[in-house]
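Scope of the values below: all heavy atoms of this structure, side chains included, with no hydrogens, waters or symmetry mates. Position 1 is the first residue of the sequence, and the numbers go up from there. Every number for a ligand or one of its atoms is a count from 1 in the order of the listing.
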Amino acid sequence: MRRRASLTATFAVVSLVAMAALGIVLTLVVSELLQQQALDQAVRTATAYADSGVRDRVTEREWQAEQLDGRSVDRLAVNLHTDSTLVEVRLWGKSGKTMYDSVDLAHPFPDLDRLNDALAGRPSAALVTQLDPKAGTGTGVDPAMMAGLEKVLDVYVPVYPIPDVPIAYGVAEVALDYSATEAATASAVRTVAVVIGVGLMVVWLLLFRTVHGASRRLRTTSDENARLALLDPLTGLPNRRLLAERLELAAAEAQLHGSHVGLLLLDVDRFKEINDSLGHDRGDQLLVQVAERLRAITRDTDTVARLGGDEFAILLKTVRGVDDATAFADRVLGVFAEPYDVDGLVLHVETSLGLALLPDHAGDVQTLMKRADVAMYVAKAGRRGMSVYEADGDANSPARLILLGDLRRALDDRDQLTVHYQPKLDLRTGEIVGLEALLRWTHPVRGSVPPGEFIPLAEQTGLVHLLTRRVLEMVLEQIRAWRVDGWEIQVAVNLSALNLAEPDLDKRIAELLAHYDVPARLLEFEITESAIVADPERAAATLSRIAAMGSTIALDDFGIGNTSISQLRDLPIDTLKIDRSFILDMSNGNEVLVKVVTELAHEFEMVAVAEGVEEHDVAERLRALGCDLAQGFLYARPVPASDLPAILATYGTDPRDVRAGV
Ligand code: C2E
Ligand code: MG
Ligand code: MG
């Protein structure tokens, strides 16, 4: 900063010196010009005098003889009085002989060069000093005036017999009083110097102001940039970098004083949804409000930081221990208890908060960050609101974290996530009447990850919203392609409990259907009993709206949950999918449950589907029990869409020809 200030000062000094030099040079040039002008003027004056005052008063004969007679001398003397600036006049003949001298000094021999120049038609003027006043007894000039003269303009001009004919008779030397010219020149030079000085000063001031301003702006911008590099632009909170710096400082201090440092990490639950459904502007507003509330409950010595997205961190510089930090974390949770008002919309927002302490849970700042992160994910997974890091509490947290991160990335990768289709057959006709879409994840390192592993993880972290959307998009695109080929079949898509909690799930489905130009009847939605149990009223409302659009609803894995029969009646369910465990029981001769469920389904005018049919005998008995549809490895495993034609060829033609499948 100091260096830049001295830069301005250096500029000021250097430019000032340069300006002063420029001013002096300009003034000198101007005074030189003025003097030159004065000399030119003197030549003109002298020439005029020679033309009018000398030529007519000296006869040709006198010039030839280079000798004046008395009358001519008188006439010249009289003439001399008419011009007060004339100091002295001398005349020379062509040979250089002095013919006349108005002052009659004992003058030196004329300057021969100048005399010859003048005879050749080149008049010259020069400034001479001090004509000797003591000798001043001349005929035409006041001796007092002579005494006052210091500088005289001494001019040599040729005298021509006929005007404009360049053959000179002789030369007139005319000495002119310089004092008036000098005064005029000096005053002109002074004026010019002042004008130049003031002008340059103004220019300099303007320049200096510009440079100074630019330098100040530069400084402010660079200061601002330095500041911004450490602050989050949206909330103005410290960013990850500044937090890391402060953490290091706090850790060093804590070590010195034997105190504890607390680190809280939190993120806004379902922020992505809020952002997607309400728009990024509102999402931003929410984040700003969260930031404000967090700052309001935090001490000045502590740091609230935004790490990016909806993730915040609070650094507690000194805490007494876990209890203190937990108490503070409770206050943070309180911040989220009050609803937020975003553009008049009342938003209830929750958070998951992880807490870790130094040195209790970590030995250094990096580990502390990771531990708080794990604690946060544990809080999120357990829907606990807050969690303090426990070393052996969740041993596979890091692995889960990694898997979760991988799943997030998989969403951006077209190749990792695909849909497989498993046919559902009509047990009476043996025809394929529908497909179930089952998500497949091919992890770049681990290979195929079972849905039973990654779907619960996605459900715990809210990522399932994106997953469901992706599945729907892929399925609808496939249905559209089949329709182009002239084939229509209904595809069942699995929904999670979290999907049912989405307030505008039906609207989003409708949008997607419209986008892919697929009729709603070609989609079925499979939900589990647990999805309904979580919030039956809301689930019923959402399902009714979906059913109203024309899609059908299937209750998946039925029999192992605890749906009450009255609930079943009130929900818009078209199909009951009998859980695989019941079908498995059948191979042990235990078929009463399947029988009961099938009858229940028919009682409510629902279709009964048997899941996980692997054996031919079981299929036969299911048909005998009146079960409508069956799905299982007996017919086909879930396969990519490209493998379906082969399977269809097996089952599509002869309805009764139900053979063991692929
Ligand atoms: P689900 O909806 O009950 O799907 C049926 C599961 O049973 C599938 O397992 C399927 O491969 C398997 N299956 C089908 N026939 C047989 C059989 O004859 N024998 C045996 N042992 N298994 C059979 P998968 O594909 O591993 O999926 C497991 C679960 O993951 C699904 O159970 C479903 O709850 C969930 N899931 C799969 N894809 C999605 C999805 O896109 N979204 C959601 N929310 N959940 C999905
Ligand atoms: Mg299913
Ligand atoms: Mg199932």
Side-chain angles (χ1 to χ4, degrees), residues 407 410-411 416-425 432 434-442 448-476 478 490-502 505 509 512 523-532 534 539 552-561 563 573-587 594 597 607-619 622 629-640 643 647 660-662:
L407 186 55
L411 276 164
Q416 288 190 41
L417 293 177
T418 52
V419 171
H420 281 191
Y421 296 90
Q422 188 178 33
K424 278 185 284 185
L425 278 89
I432 291 175
L435 302 169
E436 178 174 6
L438 294 158
L439 186 56
R440 293 290 175 263
W441 179 18
T442 315
S448 167
V449 183
E453 190 172 333
F454 70 85
I455 290 200
L457 190 63
E459 282 172 340
Q460 282 158 5
T461 54
L463 206 61
V464 76
H465 296 287
L466 295 176
L467 276 186
T468 303
R469 191 185 170 90
R470 172 60 60 81
V471 171
L472 271 170
E473 284 169 352
M474 290 192 283
V475 166
L476 287 169
Q478 188 58 62
Q490 192 188 45
V491 179
V493 171
N494 291 284
L495 292 183
S496 292
L498 265 190
N499 291 131
L500 278 191
E502 277 179 61
L505 176 70
I509 292 172
L512 284 170
L523 278 188
E524 181 164 66
F525 291 96
E526 292 192 7
I527 49 158
T528 54
E529 288 176 89
S530 55
I532 296 168
T552 55
I553 312 286
L555 201 51
D556 206 353
D557 306 340
F558 184 73
I560 52 168
T563 325
I573 290 170
D574 307 278
T575 304
L576 282 189
K577 294 189 81 175
I578 307 164
D579 190 68
R580 198 168 64 220
S581 57
F582 293 4
I583 310 301
L584 209 67
D585 271 358
M586 281 179 79
S587 33
V594 175
V597 173
V607 176
V609 183
E611 282 192 284
V613 180
E614 295 183 5
E615 294 164 24
H616 209 273
D617 292 353
V618 172
L622 282 167
L629 309 180
Q631 177 181 349
F633 294 172
L634 172 66
Y635 310 105
R637 288 179 178 269
V639 292
D643 291 357
I647 297 171
V662 190

Could you tell me which non-hydrogen atom of Glu615 sits nearest to which non-hydrogen atom of Leu634, and how far apart they are? O-CD2, 3.5 Å
Which residues share a side-chain contact (heavy atoms from CB on, under 4.5 Å) with Thr575, sequence neighbours left out: Glu524, Ala554, Lys577, Val607, Val609
Compare every heavy atom of Arg470 with every heavy atom of Leu417, then report the nearest pair and how far apart it is. CD1-NH1, 4.4 Å
Can you give me the closest heavy-atom contact between Met586 and Val594, atom names plus distance? SD-CG2, 3.6 Å
Thr468 and Asn499: side chain donor to acceptor below 3.5 Å: yes
With Val597 via side-chain contact (heavy atoms from CB on, under 4.5 Å) - residues at least two apart: Phe558, Leu576, Ile578, Phe582
What pair of heavy atoms forms the shortest contact from Gly612 to Ile583, and how long is it? O-CG2, 4.0 Å
Measure and list all N/O to N/O distances between ligand 1 and the protein that fall under 3.5 angstrom.
{"from": "ligand 1", "atom 1": "2 (O)", "to": "Glu436", "atom 2": "OE2", "distance (Å)": "3.0"}
{"from": "ligand 1", "atom 1": "2 (O)", "to": "Asn494", "atom 2": "OD1", "distance (Å)": "2.9"}
{"from": "ligand 1", "atom 1": "2 (O)", "to": "Asp556", "atom 2": "OD2", "distance (Å)": "2.8"}
{"from": "ligand 1", "atom 1": "3 (O)", "to": "Asp557", "atom 2": "OD1", "distance (Å)": "3.1"}
{"from": "ligand 1", "atom 1": "3 (O)", "to": "Glu611", "atom 2": "OE2", "distance (Å)": "3.2"}
{"from": "ligand 1", "atom 1": "7 (O)", "to": "Arg580", "atom 2": "NH1", "distance (Å)": "3.0"}
{"from": "ligand 1", "atom 1": "15 (N)", "to": "Gln422", "atom 2": "NE2", "distance (Å)": "2.9"}
{"from": "ligand 1", "atom 1": "18 (O)", "to": "Phe633", "atom 2": "N", "distance (Å)": "2.7"}
{"from": "ligand 1", "atom 1": "19 (N)", "to": "Glu614", "atom 2": "OE2", "distance (Å)": "2.5"}
{"from": "ligand 1", "atom 1": "21 (N)", "to": "Glu614", "atom 2": "OE2", "distance (Å)": "3.2"}
{"from": "ligand 1", "atom 1": "22 (N)", "to": "Arg580", "atom 2": "NH1", "distance (Å)": "3.0"}
{"from": "ligand 1", "atom 1": "25 (O)", "to": "Arg440", "atom 2": "NH1", "distance (Å)": "3.0"}
{"from": "ligand 1", "atom 1": "25 (O)", "to": "Arg440", "atom 2": "NH2", "distance (Å)": "2.9"}
{"from": "ligand 1", "atom 1": "38 (N)", "to": "Leu439", "atom 2": "N", "distance (Å)": "3.1"}
{"from": "ligand 1", "atom 1": "42 (N)", "to": "Asn494", "atom 2": "O", "distance (Å)": "3.4"}
{"from": "ligand 1", "atom 1": "44 (N)", "to": "Ser496", "atom 2": "OG", "distance (Å)": "3.2"}

For the Mg ion (ligand 2), which protein N/O/S atoms are closer than 2.8 Å? Glu436 OE2, Asn494 OD1, Glu526 OE1, Asp556 OD2
Less than 3.5 Å apart, any donor N or O on the side chain of Gln416 or Thr442 sitting next to an acceptor on the other? no
Count the heavy atoms belonging to other residues, nucleotides or ligands that lie under 6.0 Å from CZ of Arg440, then report whether that count exceeds 12. yes
